[in-house]
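Residue numbers begin at 1 in each chain, while the letters A, B, ... track the order of the sequences.
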Number of protein chains: 2
Amino acid sequence: MEPLANEKSPNQTNRSQNIPVATVTRLALYLRELQQLKRAGLQRIQSGAIAKRLGLNDSQVRRDLSCFGQFGQRGVGYNIAGLTQAIQSIMGTDRSWNVILVGAGNLGRALSGYRGFDQQGFRLVAVFDCSDEIIGTKVGKLVVKSLDSLDEIVSANQVELAIVAVPAEAASIVSQRLESAGITGILNFAPVTVRRPNSSLTVVDVDLAVELQRLAFAVVNSKGS
Amino acid sequence: MEPLANEKSPNQTNRSQNIPVATVTRLALYLRELQQLKRAGLQRIQSGAIAKRLGLNDSQVRRDLSCFGQFGQRGVGYNIAGLTQAIQSIMGTDRSWNVILVGAGNLGRALSGYRGFDQQGFRLVAVFDCSDEIIGTKVGKLVVKSLDSLDEIVSANQVELAIVAVPAEAASIVSQRLESAGITGILNFAPVTVRRPNSSLTVVDVDLAVELQRLAFAVVNSKGS
DNA sequence: ATATGTGAAAAGTTTCACAGCC
DNA sequence: GGCTGTGAAACTTTTCACATAT
């Protein structure tokens with residue numbers, strides 16, 4: 001009366017619900033390490049080894065991974081391929097996503113060519129800007145478009161995600177337009193917190209200057225100790 | 001026998017010690033909002049207003065700010081100029097920092113031109129790469145140098161911070177060289193966790209693909225609810 | 001012997017709620 | 001009236017420690 005074959009389909013419990021937010025932020029890091037290990041030809045890995053690579057506690061790795069099922073084998077470790085697949089499925093990156101970029105300035109252009117996005121299944125399908133000098137120029141293989149064509153392109157390509165790399169002043173209007181065009185997630189590089197109360201829009205903010213300041217703080221405060 | 005004028009120098013207790021890490025990550029955000037408010041011509045602000053702008057709880061803002069002294073005035077709020085100065089002093093950004101960039105590829109070039117760094121007092125003094133095709137080319141006003149001149153330039157300019165935008169494979173060697181050249185802090189954009197145990201090197205990792213994956217997860221998991 | 005999965009304890013963080021000051 | 005600063009409660013996250021499986 002064994003209920004399930006357990007190598008092939010581990011009991012994938014709790015899908016999505018009750019995963020601590022702190023765990024989610026580490027999931028992508030686990031994935032990155034697993035992909036690297038796979039490339040190196042390994043098949044199994046232990047929680048302690050993952051922890052060491054990421055500077056974490058081994059118990060934390062095990063608890064994180066156990067949130068969405070039992071993927072390890074006691075006495076042995078985790079199967080790299082299986083765990084990779086499982087995490088991708090949890091994170092929603094077991095499929096590809098169409099992404100647009102808004103803001104083809106300095107930073108936007110660099111982001112558009114960033115290989116890491118493509119490697120994780122994010123496909124850039126269009127680039128927008130509001131400056132007449134930039135519209136019509138090329139960014140990689142794409143021609144920069146006016147925001148006028150936003151709605152059309154978003155629905156035609158079923159785009160869900162947008163990367164925003166516009167000046168702080170423009171971020172609020174841009175996010176409003178993105179939302180009404182049907183975008184559901186924004187990766188925001190503009191140095192403002194985009195708040196859209198009572199909206200289903202999800203925003204992840206990345207402020208590069210903030211990160212550098214966090215570094216300065218850490219350096220200043222490690223000096224003494 | 002009043003000990004101190006208190007508008008000018010509020011009781012700045014606890015400098016650095018026992019500031020929660022969670023608070024530190026928000027400090028730079030408070031600073032960004034305060035600078036924006038100052039530019040808008042405001043002189044005072046309330047915890048509730050800051051909280052609203054950043055999507056936080058007002059009590060959290062007050063507790064964060066109270067970690068390093070009493071800067072508010074009951075019934076009134078916080079003095080924007082004074083609080084800005086105080087946070088900058090805590091974060092170590094009340095002075096300017098010399099920064100170098102390693103990796104003048106796609107992302108590195110964009111980061112070198114990012115205005116936000118300069119605006120917060122981070123001055124890019126040199127750019128390095130290890131590719132012969134890139135060495136000698138210009139990035140903004142700077143000529144890309146070989147890593148051979150790293151030690152010399154770091155000590156000549158008293159550089160403490162480095163921005164690393166090299167491929168994952170190179171990150172470990174680069175950080176090793178940076179450390180031995182005297183760098184004490186690295187802002188790492190390479191998609192690996194750079195671990196240097198028993199070292200005083202401070203590293204802040206920013207993985208752009210990881211951020212996009214976090215967004216995908218958040219979008220997938222907001223759908224249902 | 002080795003490594004996972006997990007209750008329970010410890011540590012850290014957020015929020016409440018209100019005294020104290022303007 | 002308004003708003004800060006902060007004890008105490010509530011909640012979250014991490015770590016310990018060990019039963020359990022190979």
What distance separates A:Y114 OH from A:L107 CG, expressed to the nearest 0.5 Å? 12.0 Å

Are the side chains of B:Q36 and A:V192 in touch, meaning some heavy atoms are under 4.5 Å apart? yes

Rounded interatomic separation in angstrom, taking CG from A:D64 and P from D:dT13: 10 Å

Between A:F71 and A:I87, is any pair of side-chain heavy atoms under 4.5 Å apart? no

Taking CZ from A:R44 and P from C:dT2, how many angstroms apart are they, rounded to a whole number? 17 Å

Any ion pair linking A:E160 and A:R95 (charged N to carboxylate O, less than 4.0 Å)? yes

How would nucleotides 15-22 of chain C be written as a contact map, 5' to 3', with B for base contact, S for sugar-phosphate-only contact and - for no contact, using protein heavy atoms under 4.0 Å? BBB-BBBS

Might you point out which heavy atoms bring B:G103 and B:V166 nearest each other, and give the distance in Å? CA-CG1, 3.8 Å

Separation of C:dT14 atom C1' from B:D58 atom CG, nearest Å, is 12 Å

Looking only at side chains, do A:Q213 and B:R32 share a donor and an acceptor under 3.5 Å apart? no

A:Q70 CD to D:dT22 P, straight-line distance once rounded to whole Å: 11 Å

Nearest 0.5 Å please: distance from the CG atom of B:L37 over to the CG atom of B:L83. 10.5 Å

Separation of atom CG in B:N79 from atom P in D:dT4, rounded to whole Å: 13 Å

Judged by modelled atom types alone, do B:D58 and B:S47 share a side-chain donor-acceptor pair under 3.5 Å? no

Could you walk me through whether A:F117 and A:V99 pass the side chain to side chain contact (heavy atoms under 4.5 Å, CB included) test, one step at a time? CA-CA 10 Å; A:F117 294 150; A:V99 179; over 6 Å; no

Looking at residues 24-32 of chain B, who's got a heavy atom less than 4.0 Å off DNA chain C? B:R26

Can you measure from OH (B:Y78) to CZ (B:R44) and round to the nearest 0.5 angstrom? 12.5 Å

Roughly how far, to the nearest 0.5 Å, is the OG1 atom of B:T23 from the CG atom of B:D64? 3.5 Å

Tell me the interatomic distance from B:I19, atom CD1, to C:dT14, atom P, rounded to whole angstroms. 14 Å

Tell me which residues in residues 45-54 of chain A put a heavy atom below 4.0 Å from DNA chain C, sorted by number, or none. A:Q46, A:S47

